[in-house]
Amino acid sequence: MQSVGIIVANLGSPASPARKDVAKFLGDFLSDPYVVDLPTPIRQFLARGIIAIQRSKPSSEAYASIWDSPEGPLRRITSEVAEKIQENTGIQTVVGMRYGQPSIDQALAKLNDRQTIVLAMLYPQYADSTRTTTIRYLQKVCRGKTIRIIPVYYQEREYLNALVERSKKSLDDDIEHVVISFHSLPIRHILKADPTKSHCLKSVECCKDESIAHETCYKHQCETTARHLGNALGPPYSISYQSRIGRLPWLEPTTIDVITDIAKKGVKRLAVTCPAFVVDNLETLEEIGIQARDLFLSLGGEKLQLLPCLNTDSNWIEFFSRFIQQQL
């Protein structure tokens, strides 16, 4: 395997919680046509001229509330994941962020003497705004080498077992209800990814009715993971979607609405887990661990427990290491 190198890819985070760094990160992220699929002039104006400026201050404050190291949680934990995969596989493994540092270009520079580049993305489910943009960028900048793409693993048995075991170990005994929250996507992204153009969101049961569209349907893949996890945990569970931006229709129900309804029904002790993410980040630690907890407590709840992501869980690392090697 001396001619092989692995890039562990994640979406990325700002260089620091400073407002200028957050604004740059937001501008780069939202300028991506796979994230905001609008014509380039409109997309650039919205991303850099409006959203990055307006959201940089509150986003900077949010990042500051969870920044636990010079790198921040997402970069720190992703680096730890890469180190453990290298230990398990014996293959040189580096981190490449789609946005921010260390970049995919920097990762390739470290693997300059490797002929085969394995792209192992920390996105269990398919989405153009995570997987496709990362794949296309690597293909653009990686010339003269063989690229191997590790497929989605949202329904791989060992992945699900690791997710269930990690969640069960973390789940407090007194929890009455579990919310399984995924990062939301615009409805137009779901429809665009449907190769049949006639299945996704055309019926209430579309995610359960067999279709080739499921291979690229984020909603189906999220709900598949959620059903397995929810049924295994024990308490009643709900599926929701978080982190929406703008006014276009997004996947629903929103996590805020679901938590509000649960509180109004008298549930006092709630857990939230976020299996769209392998590594804890702003969306888990701040959006759920701080914002959602404050909301639930303000509505009469007594406890909101944030279940940690897989992070460096040994069962997860062992599965992902084997999964990578199987593709080779």
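Note that this is a predicted model, so its numbers are computed, not measured. We're numbering straight along the sequence, starting at 1.
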Problem set entry | Modelled atom types, side-chain donor and acceptor of Q242 and E287, under 3.5 Å | yes
Exercise. Restricting to pairs with a member in residues 249-265, which pass salt bridge (Lys or Arg N to Asp or Glu O under 4.0 Å), not counting sequence neighbours?
Worked result: R244-E252
Exercise. Between Y34 and T134, is a side-chain hydrogen bond (donor to acceptor under 3.5 Å, both in side chains) present by the stated rule, with each step listed?
Worked result: CA-CA 10 Å; Y34 291 105; T134 306; over 6 Å; no
Exercise. Could you give all pairs that pass the salt bridge (Lys or Arg N to Asp or Glu O under 4.0 Å) test and reach residues 56-73, with sequence neighbours left out?
Worked result: K57-E61, D68-R76
Exercise. Between Q44 and S31, is any side-chain donor less than 3.5 angstrom from a side-chain acceptor?
Worked result: yes
Exercise. Take atom NZ in K110; do more than 12 heavy atoms of anything else shown fall under 6.0 Å from it?
Worked result: no
Exercise. Which class fits the ring pair H220 and H214: parallel under 30°, tilted 30 to 60°, perpendicular over 60°?
Worked result: parallel
For this session: Decide if atom CD1 of I135 counts as having more than 12 heavy atoms of other residues, nucleotides or ligands within a radius under 6.0 Å.
Result: yes
Exercise. Will you find, in the side chains of S3 and R114, an N or O donor that is under 3.5 Å from an N or O acceptor?
Worked result: no
Exercise. Would you call D174 and K303 a salt bridge, using N to O less than 4.0 angstrom?
Worked result: yes
Exercise. Parallel under 30°, tilted from 30 to 60°, perpendicular over 60°: which one fits the rings of Y218 and Y241?
Worked result: tilted
Problem set entry | W316/Y153 aromatic ring centres below 6.0 Å | yes
